[in-house]
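Read the numbers this way: they start at 1 and go in the same order the structure lists the ligands and their atoms.
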Amino acid sequence: MTSPTLHEIPSEQAPMALLLEADPSTALIAGYLQDGHCVVARQSDVTVGAYVIKALAANTWELMNIAVAPELQGQGIGALLLHHAIDQARQLGAKRLELGTGSFGHQLTFYQRAGFRVVAVEPDYFLQHYPEPLFENGLQHRDRLRLALEL
Ligand SMILES: CC(C)(COP(=O)(O)OP(=O)(O)OC[C@H]1O[C@@H](n2cnc3c(N)ncnc32)[C@H](O)[C@@H]1OP(=O)(O)O)[C@@H](O)C(=O)NCCC(=O)NCCS
């Protein structure tokens, strides 16, 4: 299998099925795609991963979504996308890249390995912003952590 290549694409071509792996709300995804930058990873012409970043303020960008096809996770594609997102944000003038994520799970290791630090907790975020309960590893997501990386 060849290494994936990364490509920025117009938001209307964003791979919704993949983005839903990271965020189960079509409405929220559609919202941040409007003013976000979407980059996909392609392997042998197949889209295998994606991320979306958008500006929050002049110097601060947010990683809104990052996802890899379930059958290809754990092979480094996520790390490739994450480091590309960090570089892109820096090139777009960001001094800080933020993200929100659940308070448990392998995603926390994934982000902290890239240097992100926990900067805040948003209690009950997933209860208030999603109509259906979100479960992972048999545990319900309730609180969201804010993570940030100084660039
Ligand atoms: C988070 C995600 C993008 C990481 O992508 P990936 O291609 O699997 O990442 P990598 O292969 O670069 O793995 C990085 C590390 O993440 C961890 N990891 C990734 N997938 C994992 C899984 N399914 N279970 C446990 N750990 C996992 C591993 O610790 C891995 O470290 P290692 O190198 O020591 O094995 C991917 O798991 C994913 O798409 N998950 C579903 C969507 C999601 O949760 N997005 C983030 C929302 S906050």
Side-chain angles (χ1 to χ4, degrees), residues 1-9 11 13-33 36-56 60-90 94 96-151:
M1 190 64 89
T2 54
S3 304
T5 52
L6 302 185
H7 310 265
E8 181 159 356
I9 58 162
S11 287
Q13 292 171 20
M16 192 55 95
L18 260 179
L19 299 178
L20 283 165
E21 294 285 336
D23 179 348
S25 170
T26 310
L28 288 178
I29 294 172
Y32 53 71
L33 275 175
H37 292 233
C38 182
V39 169
V40 295
R42 288 199 191 114
Q43 203 164 34
S44 309
D45 284 337
V46 176
T47 299
V48 295
Y51 73 77
V52 180
I53 54 172
K54 76 168 221 181
L56 284 187
T60 304
W61 283 63
E62 179 166 351
L63 178 66
M64 306 303 298
N65 191 309
I66 183 165
V68 171
E71 66 278 13
L72 295 171
Q73 290 174 12
Q75 298 179 18
I77 299 171
L80 185 74
L81 284 164
L82 183 59
H83 286 103
H84 191 268
I86 293 166
D87 285 346
Q88 280 285 105
R90 197 180 277 125
R96 179 179 168 97
L97 183 62
E98 297 189 358
L99 61 89
T101 190
S103 56
F104 59 88
H106 69 269
Q107 295 88 346
L108 271 182
T109 320
F110 172 70
Y111 294 128
Q112 291 190 61
R113 192 176 281 133
F116 284 84
R117 303 282 301 272
V118 176
V119 292
V121 184
E122 297 167 303
D124 291 334
Y125 179 91
F126 292 107
L127 305 183
Q128 290 164 357
H129 291 81
Y130 291 84
E132 303 290 333
L134 298 179
F135 280 90
E136 194 170 337
N137 300 328
L139 190 61
Q140 186 175 359
H141 278 293
R142 300 169 61 93
D143 312 316
R144 189 170 82 158
L145 298 182
R146 292 294 297 176
L147 273 63
L149 177 71
E150 302 301 328
L151 303 175

Please list the nearest protein heavy atom to [atom] with its residue and the distance rounded to 0.1 Å.
atom: atom 21 (C) of ligand 1; result: H106 CD2, 3.3 Å
atom: atom 39 (O) of ligand 1; result: V68 N, 2.8 Å
atom: atom 44 (O) of ligand 1; result: Q107 NE2, 2.8 Å
atom: atom 14 (C) of ligand 1; result: F110 CD1, 3.5 Å
atom: atom 38 (C) of ligand 1; result: Q73 NE2, 3.3 Å
atom: atom 45 (N) of ligand 1; result: I66 O, 2.9 Å
atom: atom 30 (C) of ligand 1; result: R113 NH1, 3.7 Å

Report task. Check whether any side-chain N or O of H83 sits under 3.5 Å from a backbone N or O of A79 as a donor-acceptor pair, and report yes or no. Result -> yes
Roughly how far, to the nearest 0.5 Å, is [atom2] of [Y] from [atom1] of [X]?
X: I53; Y: E98; atom1: CD1; atom2: CD; result: 13.0 Å
X: L19; Y: N65; atom1: CG; atom2: CG; result: 4.5 Å
X: M64; Y: C38; atom1: CE; atom2: SG; result: 12.5 Å

Query raised in the report: Do Q107 and E136 get their side chains close enough for a donor-acceptor pair, meaning under 3.5 Å?
Result: yes
**Report entry** A67, any N or O under 3.5 Å of ligand 1 N or O
**Finding:** no
Query raised in the report: So is G76 polar-close to ligand 1, meaning N/O to N/O under 3.5 Å?
Result: yes
Using a 4.0 Å cutoff against the non-hydrogen atoms of [X], which atoms of ligand 1 qualify?
X: G78; answer: 5 (O), 6 (P), 7 (O), 9 (O), 12 (O)
X: A79; answer: 12 (O)
X: T101; answer: 48 (S)
X: G74; answer: 6 (P), 7 (O), 8 (O), 11 (O)
X: Q75; answer: 11 (O)
X: E21; answer: 41 (C), 42 (C)

Test item: [X] and [Y] side chains (from C-beta on) under 4.5 Å apart, heavy atoms:
X: L63; Y: L147; answer: no
X: L28; Y: Y130; answer: yes
X: F116; Y: L145; answer: no

Query raised in the report: Can we call the ring centroids of F104 and H141 under 6.0 Å apart?
Result: yes
Requested in this report: Indicate whether atom 35 (O) of ligand 1 is within a distance of less than 4.0 angstrom of some protein heavy atom.
Outcome: no
Query raised in the report: Is it true that atom CG of D124 has more than 12 heavy atoms of other residues, nucleotides or ligands lying nearer than 6.0 Å?
Result: yes
Requested in this report: Between Y111 and ligand 1, find which residue part has any heavy-atom pair under 4.0 Å and reply side chain, backbone, both or neither.
Outcome: side chain
Requested in this report: Give a yes/no verdict on whether any heavy atom in T109 is under 4.0 Å from an atom of ligand 1.
Outcome: no
Report task. Kindly assign one of parallel, tilted or perpendicular to the pair Y51 and H84, based on the angle between their ring planes and the thresholds 30° and 60°. Result -> tilted
